[in-house]
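Values reported hereafter were calculated over all heavy atoms of this structure, with side chains retained and with hydrogens, waters and symmetry mates removed.
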Amino acid sequence: MKAAFRPCIDLHGGKVKQIVGGTLNTAVGEDDLRTNFVSEKNPAYFAELYKRDGLFGGHVIKLGAGNDEAALEALRAYPGGLQLGGGVNADNAKGFLDAGASQVIVTSFVFSGGEFHEENLRKLLSAVGKEHIVLDLSCRKSADGRYMVVTDRWKNFTTMELNGETLERFAGCCSEFLVHAVDVEGKCSGIDETLLGILANSSPLKCVYAGGIASYEDIALIENAGMGKVDYTIGSALDIFGGTLKYEEVIKRQ
């Protein structure tokens, strides 16, 4: 099975943006925010583009408050074709699905205060079923070199290490995993090959890798080393987001 390109629509302050991982604070306009790209086009434009090109399983991510209407705009433009993440919980998940999301992406509802909350995951499972859940296990390297799941806009470390045991543990609770390599996210400096290896060798489910893709060689590496188990998303490096990789060339690989 070949690796597939999963498109993205990242929303911040109601606009489509590409942001350097780990610099996003809780408020729009924080001084430490590093933004690679702000689009003049609305979310529906990108959703319609992905629909036109038959790209499925991309994600719309709400980065903070003020993005609900922008997210709904994207979902309305491509119903059933996009996943939705950002502020998802057991109470609102079904509403996002009813609005057109194919799945909901969840992190902070399940991992909060640095800990895993099994009861919240069970509530979400009861509300929408595992087939509609994508578990976000985005991670950063800790001081001792372990990949630790991070939450709250990738600012806070949890006690959950991303490894084979964790992937096996959660495989029965979701349809797939989304994993941003936060240390290289938005930097266009190359992928995290070690993290890619963990996903390819240890995950019993399909994974979507994001972070650092800067060249067609990076894509080829994911296609080969991912062993068909790892799809990929590209943000800042794509020309539609101000980068140098041609969107049309990327979709030709599908």
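In this structure, OG1 in Thr233 is found 7.5 Å from CD1 in Ile213, a value given to the nearest 0.5 Å. Interatomic distance, Asn163 CG to Arg169 CZ, rounded to the nearest 0.5 Å: 10.5 Å. Note that CD of Glu217 is 11.0 Å distant from CD of Glu223, once rounded to the nearest 0.5 Å. Considering CZ of Phe5 and CD of Gln254, their distance stands at 7.5 Å, rounded to 0.5 Å. Rounding to the nearest 0.5 Å places CG of Leu221 at 7.0 Å from CG of Asn224. Distance check: Gln103 CD to Leu135 CG gives 12.5 Å after rounding to the nearest 0.5 Å.
Here the shortest heavy-atom pairing between Ile9 and Ala47 reads CD1-N, 3.8 Å. Of all heavy-atom pairs spanning Leu196 and Ala225, the tightest one is CD2-CB, 3.9 Å. Among all heavy-atom pairs drawn from Ala101 and Leu84, the shortest one is CB-CB, 3.9 Å. Closest non-hydrogen pair, Leu205 versus Ala171, comes out as CD1-O, 3.4 Å. A pairwise comparison of heavy atoms in Val38 and Lys17 identifies CG2-CG, 4.0 Å as the closest pair. Closest non-hydrogen pair, Ile251 versus Glu248, comes out as CG1-O, 3.3 Å.
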- prompt: Can you list the steps and then say if Met148 with Leu162 is a side-chain contact (heavy atoms from CB on, under 4.5 Å)?
  reply: CA-CA 6 Å; Met148 307 301 293; Leu162 179 61; over 6 Å; no

message: Run the side-chain contact (heavy atoms from CB on, under 4.5 Å) test on Cys139 and Val179 for me, step by step, so that the C-alpha distance in whole Å, both residues' side-chain angles and the decisive distance to 0.1 Å come before the verdict.
response: CA-CA 7 Å; Cys139 56; Val179 182; 4.2 Å; yes

Ser102/Gln83 under side-chain contact (heavy atoms from CB on, under 4.5 Å): CA gap, chis, key distance, verdict: CA-CA 5 Å; Ser102 58; Gln83 302 166 355; 3.6 Å; yes

message: If you apply the rule side-chain contact (heavy atoms from CB on, under 4.5 Å), what do you find for Val184 with Ile191, and how did you get there?
response: CA-CA 7 Å; Val184 297; Ile191 66 173; 5.9 Å; no

message: Please determine whether salt bridge (charged side-chain N to carboxylate O under 4.0 Å, His left out) holds for the pair Glu118 and Arg122, giving the CA-CA distance in whole Å, both sets of side-chain angles, and the decisive distance to 0.1 Å.
response: CA-CA 6 Å; Glu118 184 174 0; Arg122 291 189 180 279; 2.8 Å; yes

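Using a 4.5 Å cut-off on side-chain heavy atoms (C-beta onward), Ile61 and Cys8 make no contact. The shortest side-chain heavy-atom distance between Val16 and Asp10 does not fall under the 4.5 Å cut-off. Counting only heavy atoms from C-beta outward, the side chains of Lys15 and Lys41 never approach each other to under 4.5 Å. Counting only heavy atoms from C-beta outward, the side chains of Lys62 and Asp68 approach each other to under 4.5 Å. Thr151 has its side chain out of reach of Phe157: every pair of non-hydrogen atoms, C-beta onward, lies at least 4.5 Å apart. Side chains of Leu11 and Val60 form a contact here, defined as non-hydrogen atoms less than 4.5 Å apart.
Just one residue in the list Asp231, Leu137, Ile105 forms a side chain to side chain contact (heavy atoms under 4.5 Å, CB included) with Leu178, and that residue is Ile105. Here the rule is side chain to side chain contact (heavy atoms under 4.5 Å, CB included) with Phe177, and of Asp136, Val208, Leu167, Leu199 only Leu167 fits it.
For Asn89 (side chain) and Asn92 (main-chain N/O), a donor-acceptor pair under 3.5 Å exists by modelled atom type. In this structure, Asp239 contributes its side chain and Gly242 its backbone to no donor-acceptor pair below 3.5 Å. Of the possible donor and acceptor atoms, one in the side chain of Thr166 sits under 3.5 Å from a partner among the backbone N and O of Glu161. In this structure, the side chain of Asp152 does not engage the main chain of Lys155 through any donor-acceptor pair within 3.5 Å. No side-chain donor-acceptor contact under 3.5 Å links Asn67 to the backbone of Ala70. Side chain of Thr159 to backbone of Gly114: a donor-acceptor contact under 3.5 angstrom is found. Without hydrogens or angle criteria, Asn42 side chain to Glu73 main chain gives no donor-acceptor distance under 3.5 Å. A donor-acceptor pair is defined here as one N or O able to donate and one able to accept, closer than 3.5 Å; such a pair exists between the side chain of Tyr209 and the backbone of Gly211. For the pair Ser108 (side chain) and Ser112 (backbone), a donor-acceptor distance under 3.5 Å is absent. Although no hydrogens or angles enter the test, the distance criterion places no donor-acceptor pair under 3.5 Å between the side chain of Lys229 and the main chain of Pro204.
Not counting sequence neighbours, the partners of Glu69 by the salt bridge (Lys or Arg N to Asp or Glu O under 4.0 Å) test are Arg76. Remark: Phe46 engages Phe241 in a ring-ring contact (aromatic ring centres under 6.0 Å, His included) (not counting sequence neighbours).
Side-chain atoms of Asp218 and Tyr232 form no donor-acceptor pair, as typed in the model, at a separation below 3.5 Å. In the model, Glu115 has no side-chain atom that pairs as donor or acceptor with a side-chain atom of Thr158 under 3.5 Å. With 3.5 Å as the limit, one finds no donor-acceptor pair spanning the side chains of His132 and Ser175. Side-chain polar atoms of Tyr147 and Asp192 form a donor-acceptor pair below 3.5 angstrom.
With a 6.0 Å radius and a threshold of 12 heavy atoms from other residues, nucleotides or ligands, Glu119 has its CD atom above the threshold. Counting heavy-atom neighbours within 6.0 Å of Glu40 CD, excluding the residue itself, gives a total of 12 or less. Applying the 6.0 Å contact sphere to CZ of Arg253 captures more than 12 heavy atoms from other residues, nucleotides or ligands.
Between Phe116 and Phe170, the angle of the ring planes goes over 60°, which puts this pair in the perpendicular group of the 30/60° scheme. Ring geometry for Tyr78 versus Phe56: interplanar angle of 30 to 60°, hence tilted.
Of the charged side-chain nitrogens involved, at least one lies within less than 4.0 Å of a carboxylate oxygen, so that Lys252 and Glu249 count as a salt-bridged pair. Look at Asp183 and Arg140 and you find a salt bridge, because one of the NZ, NE, NH1 or NH2 atoms lies within 4.0 Å of a carboxylate O, short of that distance.
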